[in-house]
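Structure first, commentary second.
What you are looking at is a predicted structure, and each value in this text was computed from that prediction instead of being measured. The figures that follow rest on heavy atoms only: side chains count, while hydrogens, waters and symmetry mates do not. Residue indices begin at 1 and follow the sequence shown.
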Amino acid sequence: MDGENSCDAGLTLIQETSREQLEAIDQLQAEIKKRTTQMNTLHQRFAFLQIQTLLDTKKDDFIKKQIQHTCAQYMELNAASMLTEITRLRHHIILYKEVHPDEQVANWSSLDLLRWVYKWKLQESLTNFVVTLRIFLTITVSTASCERSFSKLKLIKKYQRSTMSQERLSNLAILSIERDFNVDFNSVVEKFALIKSRRI
């Protein structure tokens with residue numbers, strides 16, 4: 001809490017090390033659980049983009065349901081157009097397999113499928129499908145910025161500095177995180193002096 005004073009718990013080195021290890025394990029477990037949940041959500045939302053699913057006509061109802069759900073999340077997509085595009089895509093792939101029987105189409109990843117669409121210049125006729133593939137391939141499951149902030153806070157706020165105010169802690173965190181920026185302190189001081197200069 002802001003303004004609260006903390007005192008040393010008086011732990012031995014072994015106890016302190018054990019406490020830090022358990023804390024790290026707890027954080028790791030929570031992070032794995034969070035990322036697994038995010039990955040499952042992402043997989044459920046874009047499961048219809050797998051090539052095996054797209055080529056299986058028995059899964060049309062599943063594909064239709066998934067497309068409607070995805071289009072509800074992303075307003076730039078049109079569900080009816082995408083269903084038509086998937087039918088068109090199937091015809092293109094069937095023709096491609098007839099011309100290239102050695103190609104293992106069933107093993108394509110989503111990125112392979114997108115590259116194939118661009119290679120054969122089909123993106124104009126599969127606009128919604130291409131946008132969906134690009135969203136899926138570029139979406140981030142998690143970001144490292146919050147992890148970086150927390151790791152910096154551990155370095156900044158040790159028990160010797162536990163009585164600092166929230167404003168000072170935030171400022172120190174920003175300085176520590178963004179320390180890669182090169183700042184010319186002389187020019188900063190000169191600008192500050194010009195702004196704050198008083199007539200005598």
Side-chain angles (χ1 to χ4, degrees), residues 21 23-154 176-182:
Q21 287 175 345
E23 185 181 335
I25 291 169
D26 286 344
Q27 287 178 348
L28 179 64
Q29 186 179 13
E31 194 63 33
I32 289 171
K33 186 177 180 181
K34 183 179 85 173
R35 292 187 190 203
T36 304
T37 304
Q38 290 174 338
M39 287 294 291
N40 288 338
T41 304
L42 195 64
H43 176 70
Q44 288 169 4
R45 185 177 297 167
F46 294 100
F48 69 95
L49 292 176
Q50 299 299 318
I51 191 74
Q52 296 90 347
T53 306
L54 287 170
L55 297 177
D56 191 353
T57 53
K58 295 175 185 175
K59 294 187 177 179
D60 281 348
D61 291 335
F62 170 76
I63 291 172
K64 185 176 180 181
K65 183 179 175 185
Q66 289 292 108
I67 286 173
Q68 288 170 346
H69 179 69
T70 302
C71 290
Q73 298 286 326
Y74 303 98
M75 295 301 170
E76 61 269 18
L77 301 174
N78 184 300
S81 298
M82 198 182 306
L83 284 167
T84 307
E85 289 173 15
I86 285 177
T87 305
R88 195 177 302 139
L89 177 68
R90 282 177 178 163
H91 292 305
H92 288 312
I93 292 175
I94 289 167
L95 289 172
Y96 180 79
K97 284 168 70 177
E98 289 175 4
V99 177
H100 300 89
D102 296 336
E103 185 75 36
Q104 298 293 322
V105 175
N107 295 333
W108 283 357
S109 66
S110 298
L111 182 59
D112 293 331
L113 181 57
L114 183 64
R115 285 176 176 158
W116 180 83
V117 167
Y118 275 94
K119 179 182 177 183
W120 296 101
K121 302 191 184 333
L122 300 171
Q123 64 269 25
E124 294 297 323
S125 63
L126 305 170
T127 52
N128 285 281
F129 182 75
V130 167
V131 168
T132 308
L133 265 177
R134 289 170 62 191
I135 289 170
F136 172 64
L137 292 169
T138 56
I139 199 166
T140 54
V141 175
S142 66
T143 60
S145 58
C146 60
E147 296 165 17
R148 182 178 62 172
S149 299
F150 282 120
S151 65
K152 286 293 178 188
L153 280 176
K154 277 192 163 276
S176 182
I177 291 168
E178 305 297 347
R179 71 170 188 261
D180 295 335
F181 290 116
N182 293 325

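- Among residues two or more places apart in sequence or in another chain, the side chain to side chain contact (heavy atoms under 4.5 Å, CB included) test is passed with E98 by I94, L95.
- A distance of 9.5 Å separates NZ of K65 from NE2 of H69, quoted to the nearest 0.5 Å.
- In this structure, the separation between CG on D61 and NZ on K59 is 12.5 Å, given to the nearest 0.5 Å.
- The distance from the CD atom of Q123 to the CZ atom of R134 is 9.5 Å, given to the nearest 0.5 Å.
- With sequence neighbours excluded, the residues forming a side-chain hydrogen bond (donor to acceptor under 3.5 Å, both in side chains) with S109 are D112, listed by chain and number.
- A distance of 8.0 Å separates CD in Q44 from CD in Q66, rounded to the nearest 0.5 Å.
- For the pair L113 and I93, the minimum side-chain heavy-atom distance is below 4.5 Å.
- No side-chain donor-acceptor contact under 3.5 Å links N128 to the backbone of L77.
- Atom CD of Q73 is surrounded by more than 12 heavy atoms from other residues, nucleotides or ligands within 6.0 Å.
- Residues passing the side chain to side chain contact (heavy atoms under 4.5 Å, CB included) test with H92, sequence neighbours excluded: R88, W116, L122, S125.
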Side-chain atoms of residues 46-58: list all donor-acceptor pairs with protein atoms under 3.5 Å, sequence neighbours left out, distances to 0.1 Å.
residue, atom, partner, partner atom, Å
Q52, NE2, A106, O, 2.7
D56, OD1, K58, N, 3.1

For F129 and T84, run side chain to side chain contact (heavy atoms under 4.5 Å, CB included): C-alpha distance rounded to whole Å, both residues' side-chain angles, the deciding distance at 0.1 Å, then the answer. CA-CA 10 Å; F129 182 75; T84 307; over 6 Å; no
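- A heavy-atom distance below 4.5 Å is found between the side chains of I67 and I86.
- At a threshold of 4.0 Å, the pair D60-R90 counts as salt-bridged, since one of the basic side-chain nitrogens sits closer than that to a carboxylate oxygen.
- For T36, the side chain to side chain contact (heavy atoms under 4.5 Å, CB included) partners at least two apart in sequence or on another chain are I32, N40.
- Residues meeting the side chain to side chain contact (heavy atoms under 4.5 Å, CB included) test with T127, sequence neighbours left out: E85.
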Side chain to side chain contact (heavy atoms under 4.5 Å, CB included) between N78 and C71: does it pass, once the steps are laid out? CA-CA 6 Å; N78 184 300; C71 290; 5.9 Å; no
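- Side-chain contact between Y74 and R45 is present, with heavy atoms from C-beta onward closer than 4.5 Å.
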